[in-house]
Amino acid sequence: QVQLVESGGGLVQAGGSLRLSCAASGRTFSRDTMAWFRQTPGKEREFVAAIYWSGGLTNYADSVKGRFTISRSNNKNAVYLQMNSLKPEDTAVYYCAADSSGWPRRSVYEYRYWGQGTQVTVSS
């Protein structure tokens, strides 16, 4: 059974940092593109960042470029999202996603495997 489990969300003040983790199991993810998306109530899930299976390619939404960093550990079957200089508009449920290698994979429709999400709340 394929599982993606996010952790690391929480409440932080504007300007602060959080590091999200996503632990994957039930499948060999080392050749998958992995990504983070986020969603707020009443809005569509939006792309945040993606990383190629080798870790050599990354892609970011313009809204987070320069503040967020995606990374992965294929040995640990995990992907991470370091979020710095957080803003209230970053408040959302953050989801981890994975699928077979392809690039740049910025659409929700390109991912078959999803986690349940972790809440990030940034107070002003």
Side-chain angles (χ1 to χ4, degrees):
Q1 182 180 357
V2 175
Q3 273 196 315
L4 298 175
V5 180
E6 302 95 337
S7 61
L11 173 64
V12 64
Q13 287 189 330
S17 298
L18 281 175
R19 186 183 190 230
L20 305 184
S21 299
C22 173
S25 62
R27 169 184 167 85
T28 301
F29 288 91
S30 60
R31 292 287 179 170
D32 282 0
T33 293
M34 300 188 77
W36 289 94
F37 287 76
R38 66 187 182 187
Q39 190 171 22
T40 54
K43 292 190 176 181
E44 293 187 352
R45 195 167 296 187
E46 66 172 3
F47 172 78
V48 175
I51 186 165
Y52 196 54
W53 69 269
S54 64
L57 291 173
T58 57
N59 192 268
Y60 296 93
D62 287 344
S63 58
V64 306
K65 205 172 291 184
R67 300 187 298 121
F68 291 9
T69 303
I70 189 171
S71 61
R72 66 188 295 161
S73 169
N74 287 339
N75 288 339
K76 296 181 179 180
N77 251 8
V79 64
Y80 309 98
L81 186 68
Q82 178 66 44
M83 305 186 295
N84 298 330
S85 302
L86 282 161
K87 305 175 181 180
E89 51 264 43
D90 294 319
T91 295
V93 176
Y94 283 72
Y95 296 90
C96 174
D99 209 320
S100 54
S101 185
W103 194 254
R105 290 198 183 274
R106 295 171 62 102
S107 169
V108 296
Y109 301 106
E110 296 181 286
Y111 292 89
R112 287 175 291 169
Y113 306 108
W114 292 87
Q116 293 300 305
T118 185
Q119 176 71 47
V120 171
T121 303
V122 184
S123 63
S124 56

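This is a predicted model, so every value here is computed, not measured.
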Donor-acceptor contact below 3.5 Å, side chain Arg105 vs main chain Ala98:
no
From [X] [atom1] over to [Y] [atom2], what is the distance, rounded to the nearest 0.5 angstrom?
| X | Y | atom1 | atom2 | result |
| --- | --- | --- | --- | --- |
| Ser21 | Gln82 | OG | CD | 9.5 Å |
| Arg38 | Phe68 | CZ | CZ | 5.5 Å |
| Glu6 | Gln119 | CD | CD | 12.0 Å |
| Ser54 | Asn74 | OG | CG | 8.5 Å |
| Tyr94 | Ser7 | OH | OG | 15.0 Å |

Quick check on Glu89: does its CD atom have over 12 non-hydrogen neighbours (other residues, nucleotides or ligands) under 6.0 Å away?
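For Glu89, atom CD is crowded (more than 12 foreign heavy atoms under 6.0 Å).
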Should [X] and [Y] be regarded as members of a common hydrophobic cluster, given that ILVMFWY residues are connected when their side-chain heavy atoms come within less than 4.5 Å of each other, either directly or indirectly?
| X | Y | answer |
| --- | --- | --- |
| Tyr52 | Ile70 | no |
| Ile51 | Tyr80 | no |
| Leu4 | Trp36 | yes |

With a 4.0 Å cut-off, would you call Lys65 and Asp62 a salt bridge?
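A salt bridge is present here (some side-chain N lies under 4.0 Å from a carboxylate O).
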Tyr113 six-ring face occupied by Arg27 cation (under 6.0 Å, within 45°)
no
